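Have a look at the structure below before the remarks.
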Amino acid sequence: MSVEAKRLTRDLMAARLAAEFEDGWVVNLGVGMPTRCSDFVPEDRTIIFHSENGVIGYGRNATVEEATPYVVNGGAQPVLLTPFASIVHHSDAFAIIRRGLLDVAVLGAYEAAANGDFANWRISGRKGGGIGGAMDLAVGARQVFLLLEHTTRDGRPRLLERCALPLTAAGVVTLVMTDLGLFEPAGDSFRLREIAPGFTVDDVQQLTGAPVVPAADLSEVTV
Amino acid sequence: MSVEAKRLTRDLMAARLAAEFEDGWVVNLGVGMPTRCSDFVPEDRTIIFHSENGVIGYGRNATVEEATPYVVNGGAQPVLLTPFASIVHHSDAFAIIRRGLLDVAVLGAYEAAANGDFANWRISGRKGGGIGGAMDLAVGARQVFLLLEHTTRDGRPRLLERCALPLTAAGVVTLVMTDLGLFEPAGDSFRLREIAPGFTVDDVQQLTGAPVVPAADLSEVTV
Amino acid sequence: MESKVVASFEEAVAGVEDGSSILVAGFGEPGSPHNLVAALYEQGATELTLIANGAGMTRDDGVITTGNLVEEKRVRRVVLAFTASTHPSRRTPLEELNEAGEIEAQITPQGTLAERIRAGGAGIPAFFTPAGVGTEVAEGKEHREFGGRTYVLEEAIVADYALIRCWKADTFGNLVFRRSQRNFNPIMAMAADCTLVEAEEVVEVGELDPDLIHTPGIFVQRVVSIPEAGGILQAPPLAMFSGRPRS
Amino acid sequence: MESKVVASFEEAVAGVEDGSSILVAGFGEPGSPHNLVAALYEQGATELTLIANGAGMTRDDGVITTGNLVEEKRVRRVVLAFTASTHPSRRTPLEELNEAGEIEAQITPQGTLAERIRAGGAGIPAFFTPAGVGTEVAEGKEHREFGGRTYVLEEAIVADYALIRCWKADTFGNLVFRRSQRNFNPIMAMAADCTLVEAEEVVEVGELDPDLIHTPGIFVQRVVSIPEAGGILQAPPLAMFSGRPRS
């Protein structure tokens, strides 16, 4: 690992994942890092952001001046409405999810597994947890993208062969963005599509709990 | 039967049944004669008429001049809205029914039985039928009132010990208004509470397919 | 974002395949998609499944109804709350085909029908309901007690298409219904893979209050403006008055 | 017809019995009935069951939350989508009581929670849903396949009371919510035997467009005008911004 190598910032991770959204997609952003994605939609695309509280068609996060107590995203943060926005109640918001209308749900996670499982609702050793909308989103959305830091605070890998924590859903993850790169769960390994500038595949492998297989067209993460 | 005895008119039957509604009741009126009841609410009471198509709080039937294509009751007839009206969709209209918020459903019927069963969806000898909202109303409303002619066109009784036609619901009817009087299903007989002017209990018994037991305080039907 | 507005009813129903399942909204006149039904009639698709409140009636005033589709044997199956007339003296084409065994007619209580459609639109495959217990319509279905009361299991309805009529639509497909027009429309819009809408007025995005929109545009695929496409704005009323002379 | 408006939050929560089950609406700040929660806190009812999105947090700015009811052991059971913090460094009173076995905490996916409440309000006792299949929350529950996919049976939630916050109410109890305020409010209003509402504004009947009313007044028992009762109109926002400096 070269001395100047720096992990990707949260904004860079969010922006890179937002670049995956295709024009016209319906997208749900989970609490935490994922909610940043609505700030980074490429200008040539219209994304319909859906949130669990029933806002269909919000846009970027509001500034302190723009914020109102009436419009928030799934992370309860103030956002702006688009002109095509509509509002439904909580039950109908999840009807939309289960009906299969979401092109992608972007979720945070504690652990992502090579087999597409993920865990994001209970911290190790704790009783209870926070499921929120994640289990509905994980089974309802056509794709699940994860956005998480590659390692825990004490340096242990979050990308694993199999999850150790209780699952949120099994076999649903299609793309994983970390501060070290962009990955696809490939069964027993993670396929590394893009890598953070300054890091080598070997650097990434050492911080990952499952085999990392670089893609033939591996490139650096750029936005 | 005295020569001058006349069966009650449809308006009189509707008006008599409407007089049973208590102030503040939520009431659903079935297709046919029952929809007339909203024209005969006593002036000292406010009734919240609910219809299957999601109109909560309509009032009397509209005149030809007042009618709009936008406001109809459960019989698809133009009605007026009250100032406290609200609109929901069909599924929520039936949510209200099943949730138990209706004080009474007034329904038409082919047959009413002494045990509280009734039949109003399939004509004898025909295939298929018209259930409409009747089965939901019959199990959801706190009470079911029936409004029907006492006999068929060829003079056979519609009030029976047991229904011959396929049931709409079992054991739910609490009051039956016919053009001969006001009855309560009493298990094996009908209790006659009020009788059409000019008719005797014996007249009524001869036109009824179950025992008719006059109430101790039997009176004439008046509105 | 591309507008969902198409220029004609023909264009709206283009591509409806033989064998499609179709939800048709409306309760009485309000919210009935007469223009889309007429376009479907012209379009020619056959072997259809129709899901609606009723589909029995034909009219003699030139307005095409689902009854015409039934009469011409374009429908092989119906799911309805009314499969026959409730008046002994009236008979519908549906009833005659049903008695002749030439159509499959499933009758379902109206509230169960609405809830099955809503469940389909909500990704709920089945639910328990009290309606119909102890009657013919519950025969052969699973029964279960909850809290001492008996309920019957009913399965969700989804369909290939929904034909919808609304008051106002924007170009994104957000819909507003006026008064009794709402009825089955919002839930049917949710339950179809392809939702086709005839609107009394089409406006630009941003003109509808987000709090007033009854159907979010993500449920809608195509929108036709009735006045711009030259459709019937209001069909002549059928015998809608209660018969009491009012003045 | 009698008005449903009462003069104070105290009057609204009067009679809430020990052992009651209570739905508390809100998602983040919008639609959270802070004044009714504070009045319930003062009222003293205990042995409560709370059903809400979360009930973990207490605040240090004087705003009373359901977290305070939990902290003072007035709650014996919760049904929530969040029973513990998702941040390792934070701990809530609920989490501590839960670990000590002093409260019964049922966790349920948020969509399942919303649908269970909606089912309760719709007289549907149980339904199948795909959420949670293959995870801990589905353990011990009935599973069934529909169309080749596995679903889990979930039961409806009804409650004695619902605490609701809205934008406008009329004296009949018709309610309108503004934007994200809607969230759980309309479905919780349907699922309670007694629905208590704090409204940012109370108007006369006839002032609200029937097409815009989100909750019909037949679901509502008592209404309090927040400004007239001297309540908190907007609680100070908690840390709601995403952390990115914006200008």
Side-chain angles (χ1 to χ4, degrees), chain B residues 10-11 31-32 35-36 39 51-55 60-78 81 87-95 97-98 108 120-123 126-140 153 166-171, chain C residues 27-31 53-54 56 80-88 91 94-95 98-99 105 107-115 117-119 121 129-137 167 177-188 214 234-235 237-238 240-244 246-247:
Chain B
R10 295 179 158 219
D11 277 1
V31 182
T35 55
R36 292 174 188 239
D39 283 348
S51 68
E52 293 91 317
N53 60 347
V55 182
R60 66 167 171 80
N61 286 274
T63 64
V64 174
E65 293 73 31
E66 290 165 337
T68 83
Y70 294 109
V71 185
V72 301
N73 63 18
Q77 299 162 329
L81 289 184
I87 312 286
V88 298
H89 60 51
H90 232 91
S91 171
D92 280 350
F94 280 91
I97 294 169
R98 286 186 306 262
N120 79 347
W121 71 276
R122 180 185 288 170
I123 299 168
R126 301 279 273 268
K127 190 170 179 187
I131 297 174
M135 288 189 183
D136 302 89
L137 286 161
V139 300
R153 286 179 196 194
L167 295 190
T168 303
Chain C
F27 182 89
E29 281 303 300
N53 190 45
L80 309 169
F82 293 90
T83 61
S85 175
T86 53
H87 293 265
R91 288 179 70 82
L94 169 60
E95 206 171 339
N98 191 18
E99 288 182 359
I107 191 164
T108 180
Q110 196 176 123
T112 300
L113 176 65
E115 192 63 17
I117 295 165
R118 192 266 171 196
T129 182
V133 169
T135 78
E136 216 177 282
V137 302
W167 186 44
F177 303 94
R178 184 161 175 78
R179 311 300 192 232
S180 316
Q181 229 183 19
R182 203 179 312 179
N183 62 69
F184 283 98
N185 278 291
I187 53 173
M188 287 188 172
H214 299 122
Q234 298 300 342
L238 290 176
M240 298 205 299
F241 293 88
S242 65
R244 286 180 66 242
R246 295 203 65 102
S247 55

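Just so we're on the same page: letters track the sequence lines, and every chain starts at 1. This is a predicted model, so every value here is computed, not measured.
- Between the CD atom in C:Gln110 and the CG atom in B:Asp136 there is a gap of 7.5 Å [rounded to 0.5 Å].
- Closest non-hydrogen pair, C:Pro130 versus B:Arg98, comes out as CD-CD, 3.8 Å.
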**Item:** Test log, rule salt bridge (Lys or Arg N to Asp or Glu O under 4.0 Å), inputs B:Arg126 and C:Glu95
**Value:** CA-CA 8 Å; B:Arg126 301 279 273 268; C:Glu95 206 171 339; 2.5 Å; yes
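- Proximity to chain B involves both the backbone and the side chain of C:Glu99, based on heavy atoms less than 4.5 angstrom apart.
- Taking the six-membered ring for Trp and the full ring otherwise, the centers of C:Phe184 and B:His89 sit at least 6.0 Å from each other.
- Heavy atoms of B:Thr168 lying under 4.5 Å from chain C belong exclusively to its backbone.
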**Prompt:** After noting the C-alpha distance and the side-chain angles of B:Ile87 and C:Phe177, does the key distance pass the side-chain contact (heavy atoms from CB on, under 4.5 Å) rule?
**Reply:** CA-CA 10 Å; B:Ile87 312 286; C:Phe177 303 94; over 6 Å; no
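- The contact between C:Thr129 and chain B is made entirely by side chain atoms (from C-beta outward), counting heavy-atom distances below 4.5 Å.
- Looking at C:Val137, only its side chain comes within 4.5 Å of chain B, counting heavy atoms on both sides.
- Heavy atoms closer than 4.5 Å to chain C are found in the side chain of B:Leu81, but not in its backbone.
- Taking CG from C:Asn183 and OG from B:Ser51, the interatomic distance works out to 9.5 Å, rounded to the nearest 0.5 Å.
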**Prompt:** Are C:Met188 and B:His90 close enough, and set up right, to give a side-chain contact (heavy atoms from CB on, under 4.5 Å), and what steps lead you there?
**Reply:** CA-CA 10 Å; C:Met188 287 188 172; B:His90 232 91; over 6 Å; no
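- Looking at B:Val71, the atoms closer than 4.5 Å to chain C (heavy atoms on both sides) sit in the backbone and in the side chain alike.
- Contacts of B:Arg122 with chain C are made by side-chain atoms alone, with heavy-atom separations under 4.5 Å and no backbone atom involved.
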